[in-house]
Amino acid sequence: MKPLLIDGDWIETATALENINPSDTRDVVGRYAQAGRAEAERAVAAAAAAAHGWARSGIQQRHDILRSAADEILARRAELGELLSREEGKTRAEGIAETVRAGQIFAFFAGETLRLAGEALPSVRPGVEVEISREPVGVVGLITPWNFPAAIPAWKLAPALAHGNTVVLKPAELVPGCAWALVDILHRAGLPRGVLNLVMGPGRVVGQALLENPAVDAISFTGSVATGARIAEACARHMRRCQLEMGGKNPLVVLDDADLGIAVDCAVQGAFFSTGQRCTASSRLIVTEGIHGRFVEAVAERLRGLTVGHALKDGTDIGPVVDERQLAQDLDYIEIARREGGNLRWGGEVLRRETPGHYLAPALFTDTLPAMRINREEVFGPVASVIRVRDYEEALAVANDTPFGLSAGICTQSLKHAHHFRRNAEAGMVMVNLPTAGVDPHVPFGGRKGSSHGPREQGAYAREFYTQVKTAYLRP
Ligand SMILES: NC(=O)C1=CN([C@@H]2O[C@H](COP(=O)(O)OP(=O)(O)OC[C@H]3O[C@@H](n4cnc5c(N)ncnc54)[C@H](OP(=O)(O)O)[C@@H]3O)[C@@H](O)[C@H]2O)C=CC1
Ligand SMILES: O=C(O)CCC(=O)C(=O)O
């Protein structure tokens, strides 16, 4: 059994959860200890006891630990990438790429420990000096989802530790493997006792225990809107800071003057790769009349050539859906879209392969309208819908007509339209001639409207969440 980590000790529990491979449900990736409320509370107490010491730790020590973690993750990319693909269902190439991204994130935040600067300002009062500095927030609870089992824990853990916070990590039940591996690496890299604690277990028990514990000073969460709302309420009750990354219904606008090859690449990669299980997925393809027919034909042609199959098999382009529950949700939305009058142009059926897994042919709907549920609610699977529009102005209006605002893309050769879209898309991230999904590790990540709440994640901007500002007035 892979144990919990509490106060520097590996702890086994009476029960363990089996981590099942979605490409082959007979394959048990591992057995992982299951925390209950008591273990979650012990983990918070350990993090609280370690907070003072870690806040005052040297920046060279923090740098060296994070750098050593980065080096080990990058050196083990093939093995950890395979683990990721086995537990989540991304293809081997996607699993390795995500592992590399996790390594790069630790390397970036190793550097951040050495770059954290304050400010010295003159005061309006003669003889007085002002200093602005940043201090850690304290105990941070990290609650992570299943769709990026390495990168999302990495982009929360690395800044939390770099900025001197102690951590209780609760990974998604479906994917404990990568989180466990990251924690093991960080622990062996030399983190003092209690600085990092890992509690695997059900969200409604372990996650809930973190929400209710007043010793938790901040919570960073990625996942569904429903759970995000619950976390925001709990944090407000405790006057605690929170950072929420939730869903998306990301538009990709394709204008008449787009390069058709680039537009098709962006649509197929953005909507269907990683099995469409990305909050940045291009689930709404908003296409102007002059290119609509050619675009739909070319996307369907590309989908016809893609192989859906076992994540670790050579030649697989799209792995399985993560589990039975998510598959049922995808199929429900396919049925809803049909009933609403959408035309299923390609895919949408459950596929049988040589191993028992959750395989779904990527689904492309055409003739959909902005008000349909398929265009308003997040499916979180390999399902995209095309909305036909007259011109750029209508495309922009439709793109912004959503309760979400994470990522928005446009394919065009017009500098004027690209520039206007960049300014007017109501989204936290804008992509021009690029897929809406797939971001760099060193720049801010996050959205607007119902997609995100609180300060940005990643890059130097992560300090806004993981530090608190102190203004000191000095009369020497
Ligand atoms: N924006 C994104 O990146 C993601 C969006 N989603 C969306 O959410 C849908 C459902 O996925 P699901 O995994 O259930 O998402 P959840 O929001 O339920 O899960 C995300 C994380 O929150 C935890 N959690 C669940 N309930 C609570 C609670 N009461 N208190 C504290 N933590 C809790 C989960 O734990 P546990 O796993 O143990 O339940 C998991 O670690 C998907 O179909 C998709 O639409 C999902 C994942 C990522
Ligand atoms: O598109 C990406 O690279 C990141 C997506 C993401 O963070 C998510 O789906 O939760």
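Read the numbers this way: they start at 1 and go in the same order the structure lists the ligands and their atoms.
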>> Working note: Asp27 + Arg86, criterion salt bridge (charged side-chain N to carboxylate O under 4.0 Å, His left out); need CA distance, chi angles, decisive distance, verdict.
In response: CA-CA 9 Å; Asp27 177 26; Arg86 249 179 102 199; 2.8 Å; yes
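Counting protein heavy atoms only, atom 23 (C) of ligand 1 is closest to Ile143 CG2, 3.7 Å. Closest protein heavy atom to atom 46 (C) of ligand 1: Phe380 CE2, 3.8 Å. The nearest heavy-atom contact from the protein to atom 17 (O) of ligand 1 is Ser224 OG, 2.6 Å. With respect to atom 37 (O) of ligand 1, the closest heavy atom belonging to the protein is Glu173 N, 3.0 Å. Remark: minimum distance from atom 18 (O) of ligand 1 to any protein heavy atom is reached at Thr227 OG1, 3.2 Å. Here the protein heavy atom with the shortest distance to atom 1 (N) of ligand 1 is Met246 O, 2.7 Å. Protein heavy atom nearest atom 4 (C) of ligand 2, with residue, atom name and distance: Arg101 NH2, 3.4 Å.
In terms of N/O distances under 3.5 Å, ligand 1 is approached by Gly203.
Taking the side chain as every heavy atom from C-beta outward, Leu80 and Ile185 approach each other to under 4.5 Å. A heavy-atom distance below 4.5 Å is not found between the side chains of Met372 and Phe365.
The neighbour count for Arg376 CZ, taken as heavy atoms of other residues, nucleotides or ligands under 6.0 Å away, is above 12. Counting heavy-atom neighbours within 6.0 Å of Glu335 CD, excluding the residue itself, gives a total above 12. The 12-atom threshold is not exceeded at NE2 of His442, counting heavy atoms of other residues, nucleotides or ligands nearer than 6.0 Å.
Ser451 places a side-chain N or O within donor-acceptor distance of the main-chain N or O of Gly247, the cut-off being under 3.5 Å. Put simply, the side chain of Asn165 gets close to the backbone of Val137: a donor and an acceptor are under 3.5 Å apart. No donor-acceptor pair under 3.5 Å is formed between the side chain of Thr91 and the backbone N or O of Ile318.
Interface of Glu378 with ligand 1, defined as ligand atoms under 4.0 Å from a residue heavy atom, comprises 7 (C), 44 (C), 45 (O). Within ligand 2, counting atoms from 1 as listed, the ones closer than 4.0 Å to a heavy atom of Val439 are 3 (O). Short contacts between ligand 1 and Gly201, defined as distances under 4.0 Å to a heavy atom of the residue, involve ligand atoms 38 (O). Contact atoms of ligand 2 toward Ala437: 1 (O) (distance under 4.0 Å to a heavy atom of the residue). The atoms of ligand 1 that sit less than 4.0 Å from any heavy atom of Gln326 are 42 (C), 43 (O). Per-residue contacts place Pro145 under 4.0 angstrom from the following atoms of ligand 1 (heavy atoms of the residue considered): 47 (C), 48 (C). Contact atoms of ligand 1 toward Ala172: 37 (O), 41 (O) (distance under 4.0 Å to a heavy atom of the residue). Within the listing of ligand 1, atoms 43 (O), 45 (O) sit less than 4.0 angstrom from a heavy atom of Gln329. Listed by number with element, the atoms of ligand 2 under 4.0 angstrom from any heavy atom of Gly438 are 1 (O), 2 (C), 3 (O). Against a heavy-atom cut-off of under 4.0 Å, Arg278 is close to the following atoms of ligand 2: 9 (O). Near Trp146, meaning under 4.0 Å from one of its heavy atoms, ligand 1 places the atoms 11 (O), 12 (P), 13 (O). Every atom of ligand 2 with a heavy atom of Trp155 under 4.0 Å away is listed here by number and element: 7 (O). Residue contact check: Thr144 has heavy atoms under 4.0 Å from atoms 21 (C), 40 (C), 41 (O) of ligand 1.
Proximity of atom 12 (P) of ligand 1 to the protein is indicated by at least one non-hydrogen atom lying closer than 4.0 angstrom.
Classification of Glu464 and Arg456 as a salt-bridged pair fails, no side-chain N sitting under 4.0 Å from a carboxylate O. The residues Glu377 and Lys249 are annotated as not salt-bridged, no charged nitrogen and carboxylate oxygen being separated by less than 4.0 angstrom. Checked for salt-bridge contact, Arg42 and Glu39 miss the test: no charged N lies under 4.0 Å from a carboxylate O. By the 4.0 Å N-to-carboxylate-O rule, Arg92 lies too far from Asp314 to be salt-bridged with it. A salt bridge between Arg230 and Glu233 is absent, with no side-chain N of the basic residue lying under 4.0 Å from a carboxylate O of the acidic one.
Looking at Ser407 and Asn250, their side chains never bring a donor and an acceptor atom within 3.5 Å of each other.
Neither the backbone nor the side chain of Met429 comes within contact range of ligand 2; no heavy atom lies under 4.0 Å.
Nearest heavy-atom pair, Asn400 versus Lys449, reported as atom, atom and distance to 0.1 Å: O-NZ, 3.0 Å.
If you check each of Gly446, Cys279, Pro441 against atom 8 (C) of ligand 2, the one with the closest non-hydrogen atom is Cys279. Around atom 1 (O) of ligand 2, the closest heavy atom drawn from Thr436, Thr280, Thr144, Asn250 belongs to Thr280. Ranked by closest heavy atom to atom 35 (O) of ligand 1, the top entry among Gln277, Lys170, Arg325, Arg278 is Lys170.
Heavy atoms of Phe221 come nearer than 4.0 angstrom to ligand 1 in at least one pair. Residue Glu245 places every heavy atom at 4.0 Å or more from ligand 2.
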